[in-house]
Participant: 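Sharing a structure here in structure tokens format.
All values below were derived from every heavy atom in this structure, side-chain atoms included, with hydrogens, water molecules and symmetry-related copies excluded. Residue numbering restarts at 1 for every chain, and letters A, B, ... go by the order of the sequence lines.
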Protein chains: 2
Amino acid sequence: MLHVLLHMISAREAVTSDRLAAMMGTNPVVVRRVMAGLREAGYLRSEKGHGGGWTLACDPATITLDDIYRALGSPPVFAMGHRTESPGCLVEQSVNAALEDAFREAEAVLLARLRHVTLAALAADFGARLKACTAERLQAS
Amino acid sequence: MLHVLLHMISAREAVTSDRLAAMMGTNPVVVRRVMAGLREAGYLRSEKGHGGGWTLACDPATITLDDIYRALGSPPVFAMGHRTESPGCLVEQSVNAALEDAFREAEAVLLARLRHVTLAALAADFGARLKACTAERLQAS
DNA sequence: CAGCCTCGCAACACATTGTGTTGCATGAGA
DNA sequence: TCTCATGCAACACAATGTGTTGCGAGGCTG
């Protein structure tokens with residue numbers, strides 16, 4: 001997902017789902033599926049017809065990874081645990097309380113981290129890598 | 001899993017997989033499957049034959065939730081991301097770097113939290129809940 | 001207007017994974 | 001010897017994510 005967005009920042013004009021799918025090694029329908037959330041959230045625009053495709057609808061500096069995460073529907077972060085909700089068994093309640101606390105705290109840390117990374121920052125990081133890579137290549141030749 | 005362990009602390013004698021399965025609403029084979037890791041790690045013992053079953057092999061105060069997590073094979077914590085490892089695309093590398101950092105930090109927080117919760121602490125919490133519950137019941141009657 | 005391009009959406013096919021289930025062998029006690 | 005219990009392997013099943021196809025709607029171009 002982020003991969004797609006960064007590619008779109010590099011390419012200033014509209015990009016079709018087909019091209020993005022080719023970049024990601026998947027197919028266009030999947031791309032549209034995951035981009036739908038971003039479009040509804042107003043971060044992206046999609047245009048039909050010849051010369052259409054996807055364009056950024058906001059400033060990359062104002063959107064954070066957390067925004068993207070929520071636009072995607074805030075999918076579950078953790079792969080484990082999260083048992084049934086207090087099924088009367090007190091043992092279950094104790095376990096849930098301890099784990100839920102730990103999970104909530106870890107999730108808060110993760111989201112805080114995502115919240116202060118903007119798309120523009122990612123793009124800048126990419127630029128730095130590109131520069132380092134080309135410098136390395138020049139040195140090799 | 002933790003649910004099972006707490007039940008075993010309450011019951012001082014050996015408990016069969018059948019009984020544990022009944023408590024958890026599953027079946028004995030599944031119980032044995034997940035307990036196998038704990039047995040190999042030395043936290044549990046299992047005995048065959050009549051009167052056999054599962055017993056604790058350690059002091060609940062010395063084993064933490066992190067120990068249990070690792071005895072279970074340290075299953076993946078997060079449900080998302082973790083794309084392919086640097087497939088040459090620099091964009092992918094930038095995205096991975098940013099996300100891996102965030103995930104590592106969140107995982108560290110989670111494990112630190114698990115590391116200072118012992119089984120005995122969970123059992124004590126359960127005791128407190130039991131007490132509160134019975135008090136509430138007395139008040140209601 | 002006709003033809004092509006692109007997205008939007010729904011339905012289906014498929015692989016993967018976790019979970020439940022069955023069967024049989026092994027060891028321990030009555 | 002019989003019963004109880006674990007250990008292990010193999011299979012059945014449901015849920016989920018992903019890829020695929022088909023059709024319709026809208027927009028550009030000649």
Participant: B:Glu40 CD to D:dT6 P: how many Å, rounded?
Facilitator: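 The distance from CD of B:Glu40 to P of D:dT6 comes to 16 Å, rounded to the nearest Å.
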Participant: Quick one, which residues of residues 9-23 of chain A touch DNA chain C with a heavy atom under 4.0 Å?
Facilitator: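 The answer is A:Thr16, A:Ser17.
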Participant: Across nucleotides 20-30 of chain D, 5' to 3', mark each nucleotide with B, S or - according to how protein heavy atoms within less than 4.0 Å reach it.
Facilitator: BB---BBBS--
Participant: With a 4.5 Å heavy-atom cut-off, do B:Thr64 and B:Val117 have their side chains touching?
Facilitator: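 No. Closest side-chain heavy atoms not under 4.5 Å.
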Participant: When you compare the side chain of A:Leu99 with that of B:Leu2, does any pair of heavy atoms fall below 4.5 Å?
Facilitator: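 With C-beta onward as the side chain, the pair touches.
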Participant: Any donor and acceptor pair, going by atom type alone, linking the side chain of A:Thr26 with main-chain N or O of A:Ala22 inside 3.5 Å?
Facilitator: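 Not a single qualifying donor-acceptor pair exists.
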Participant: Do the side chain of B:Tyr43 and the main chain of B:Gly37 share a donor and acceptor less than 3.5 angstrom apart?
Facilitator: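 No: the side chain of B:Tyr43 does not pair with the backbone of B:Gly37.
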Participant: Any heavy-atom pair between the side chains of B:Phe126 and A:Gln93 that's under 4.5 Å?
Facilitator: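 They are not in side-chain contact.
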Participant: For A:Arg39, report the nucleic acid contact type (base, sugar-phosphate, nothing); a contact means any heavy atom under 4.0 Å.
Facilitator: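 Sugar-phosphate contact only.
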Participant: I want to check something: taking the side chain as every heavy atom from C-beta on, are A:Arg129 and B:Val91 in contact at a cut-off of under 4.5 Å?
Facilitator: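 A:Arg129 vs B:Val91: side chains apart.
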Participant: Measure the distance from CZ on B:Arg45 to P on D:dG7 and round it to the nearest whole Å.
Facilitator: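 To the nearest whole Å, that distance equals 13 Å.
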Participant: Taking the side chain as every heavy atom from C-beta outward, state whether B:Met8 and B:Met35 have any pair of such atoms under 4.5 Å apart.
Facilitator: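 Yes; the side chains approach each other to less than 4.5 Å.
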Participant: Any side-chain N or O of B:Ser46 less than 4.0 Å from the OP1 or OP2 oxygen of D:dA5?
Facilitator: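 The answer is no; no side-chain N or O of B:Ser46 sits under 4.0 Å from OP1 or OP2.
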Participant: Expressed in angstrom and rounded to an integer, what is the separation of B:Met35 atom CE from D:dA5 atom P?
Facilitator: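 Whole-Å distance recorded here is 14 Å.
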Participant: Just so I know, are the side chains of B:Thr55 and B:Leu44 near enough to count as touching, which here means a heavy-atom distance under 4.5 Å?
Facilitator: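 The answer is no, as the side chains (C-beta and beyond) never meet within the 4.5 Å cut-off.
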